[in-house]
Amino acid sequence: MSAIKFRSKKAHPKWDKYVASMKYAKYVLFHPFDGFWDLTHEKRGSVAAASTYLFLFLFTRIMQLMFTNFQFINAPLQYINIFEQAASLLLPFLILCLANWSMTTLFDGKGRFVDIYIAMCYALVPFTLIQLPLVFVSNMIAFDEAAFYTVLMSFSNAWCVMLVFVGLMQVHDYSPSKTLIFIIVTIVGALIIIFLLLVFFSLLGDAASYFISLYREIAFRLY
């Protein structure tokens, strides 16, 4: 009987690791220095759990736009495309992770791209933890009680920023001052990447238009 129980516990090791890494976010929230260090260096986190928290972050933002009381948010529901809204958050997030990883060579950072991605995703947990319930709370309070809503929103955002700062500091093993400089450089790097992408797609669009026009001109002359 005990052998059967032992096999059943070991039947899904990947699922057990996923659950354990999901639960580990609680420790990261309240013990960020030790939590982020163990998250990446001791492999307490996982890409699957990090991606789940990123999905919950995107889900929370969409829920905010669609169901928050109109007194607290101005979102024209008839024009909202949930896929565009998700992409408008997901793409900058991934670009920031890429820019952060790209700058590690200049700043002697120790983090890999996957470590940065995991740390950044876990840093988003307070956003979901606080702001998702606030979506429903906003429909139960009056506008006069907006201070309560605003304070909690600001607190969750500040908590996320603090976790991002500590997470990057622990992932790359930096001092606080070097981490601050590194974050500023990361933002600049992300803006450069976005600019290059815009230029690339603009040139690609111009090239596609040129060949389409050329094809039409040839087709017109032949037929």
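Every heavy atom of this structure was used, including side-chain atoms; hydrogens, water molecules and symmetry mates were not.
With a 6.0 Å radius and a threshold of 12 heavy atoms from other residues, nucleotides or ligands, Phe148 has its CZ atom at or below the threshold. More than 12 heavy atoms of other shown residues, nucleotides or ligands fall within 6.0 angstrom of atom CZ in Phe113.
Following chains of ILVMFWY side-chain contacts shorter than 4.5 Å, one cannot reach Leu98 starting from Phe195, and the two form parts of different hydrophobic clusters. Linking Ile, Leu, Val, Met, Phe, Trp and Tyr whenever their side-chain heavy atoms come within less than 4.5 Å leaves Leu198 and Ile192 in two separate clusters. Val188 and Leu168 are members of different hydrophobic clusters when ILVMFWY side chains are connected at heavy-atom separations under 4.5 Å. Neither Val151 nor Val135 shares a network with the other; the hydrophobic side chains, linked directly or stepwise wherever heavy atoms of I, L, V, M, F, W or Y lie under 4.5 Å apart, form separate groups for each. By the criterion of side-chain heavy atoms lying less than 4.5 angstrom apart, applied directly or through intervening Ile, Leu, Val, Met, Phe, Trp or Tyr residues, Leu56 is not grouped with Leu91; the two fall into different hydrophobic clusters.
Here the side chains of Leu124 and Val164 are not in contact, with every heavy-atom distance at 4.5 Å or above. Residues Thr40 and Phe36 are not in side-chain contact: their nearest non-hydrogen atoms beyond the backbone lie 4.5 Å or more apart. For the pair Val137/Leu152, no side-chain contact is recorded, criterion being any heavy-atom separation below 4.5 Å from C-beta on. Side-chain atoms of Tyr53 and Thr128, non-hydrogen and from C-beta on, never get closer than 4.5 Å to each other. The side-chain heavy atoms of Asp115 and Lys43, taken from C-beta on, include a pair separated by under 4.5 Å. Between Leu163 and Pro126, some side-chain heavy-atom pair lies under the 4.5 Å cut-off. Put simply, the side chain of Leu94 reaches to within 4.5 Å of the side chain of Tyr117, judged on heavy atoms. Side-chain contact between Gln64 and Met153: present, with at least one pair of heavy atoms (C-beta onward) separated by less than 4.5 Å.
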Verdict with supporting geometry, Phe127 and Leu132, side chain to side chain contact (heavy atoms under 4.5 Å, CB included): CA-CA 8 Å; Phe127 185 92; Leu132 185 57; over 6 Å; no

Would you sort out whether Val171 and Trp37 count as a side chain to side chain contact (heavy atoms under 4.5 Å, CB included), showing the intermediate values? CA-CA 7 Å; Val171 166; Trp37 180 268; over 6 Å; no

Do Cys121 and Phe57 pass the side chain to side chain contact (heavy atoms under 4.5 Å, CB included) test, and can you show the C-alpha distance, the side-chain angles, and the key distance before you say yes or no? CA-CA 9 Å; Cys121 289; Phe57 166 75; over 6 Å; no

Could you walk me through whether Ile82 and Met66 satisfy the side chain to side chain contact (heavy atoms under 4.5 Å, CB included) test, starting with their C-alpha distance in whole Å, then the side-chain angles of each, then the deciding distance to 0.1 Å, before giving a yes or no? CA-CA 9 Å; Ile82 59 174; Met66 297 183 66; 3.9 Å; yes

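Taking each heavy atom of Ile116 and Thr104 in turn, the nearest pair found is CD1-CG2, 4.5 Å. The heavy-atom pair separating Phe33 from Met169 by the smallest distance is CE2-CE, 3.2 Å. Listed here is the closest heavy atom pair of Ser138 and Tyr149: CB-CE1, 3.9 Å. The two residues Cys97 and Met120 have their closest heavy-atom pair at SG-CG, 4.0 Å. Nearest approach of Ala190 to Ala99, heavy atoms of both residues: N-CB, 3.5 Å. Heavy-atom minimum distance, Tyr122 versus Ala49: OH-CB, 3.4 Å.
Screening Leu191, Leu197, Thr186 for a side chain to side chain contact (heavy atoms under 4.5 Å, CB included) with Ile95, the sole residue that qualifies is Leu197. Here the options are Cys160, Pro176, Pro32, the test is side chain to side chain contact (heavy atoms under 4.5 Å, CB included), and the partner is Phe165; only Pro176 passes.
Considering CD1 of Ile193 and CZ of Phe200, their distance stands at 14.5 Å, rounded to 0.5 Å. Note: Leu134 CG to Phe136 CZ = 10.5 Å, rounded to the nearest 0.5 Å. For the atom pair Met103 CE and Ile184 CD1, the distance stands at 12.5 Å (nearest 0.5 Å). Distance check, rounded to the nearest 0.5 Å: CG of Asp38 to OH of Tyr27 gives 6.5 Å. In this structure, the separation between CZ on Phe83 and OG on Ser88 is 13.0 Å, given to the nearest 0.5 Å. Interatomic distance, Leu58 CG to Phe93 CZ, rounded to the nearest 0.5 Å: 9.0 Å.
Of the N and O atoms on the side chains of His172 and Asn100, at least one donor lies less than 3.5 Å from an acceptor on the other residue. Looking only at atom types and distance, the side chain of Gln131 has no donor-acceptor partner in the side chain of Thr60 under 3.5 Å away.
The main-chain N or O of Val199 is never found under 3.5 Å from a side-chain atom of Ser202 such that the two would form a donor-acceptor pair. A donor-acceptor pair under 3.5 Å is formed between the side chain of Lys178 and the backbone N or O of Phe107.
Ring centroid separation for the pair Phe155 and Trp159 comes in under the 6.0 Å cut-off.
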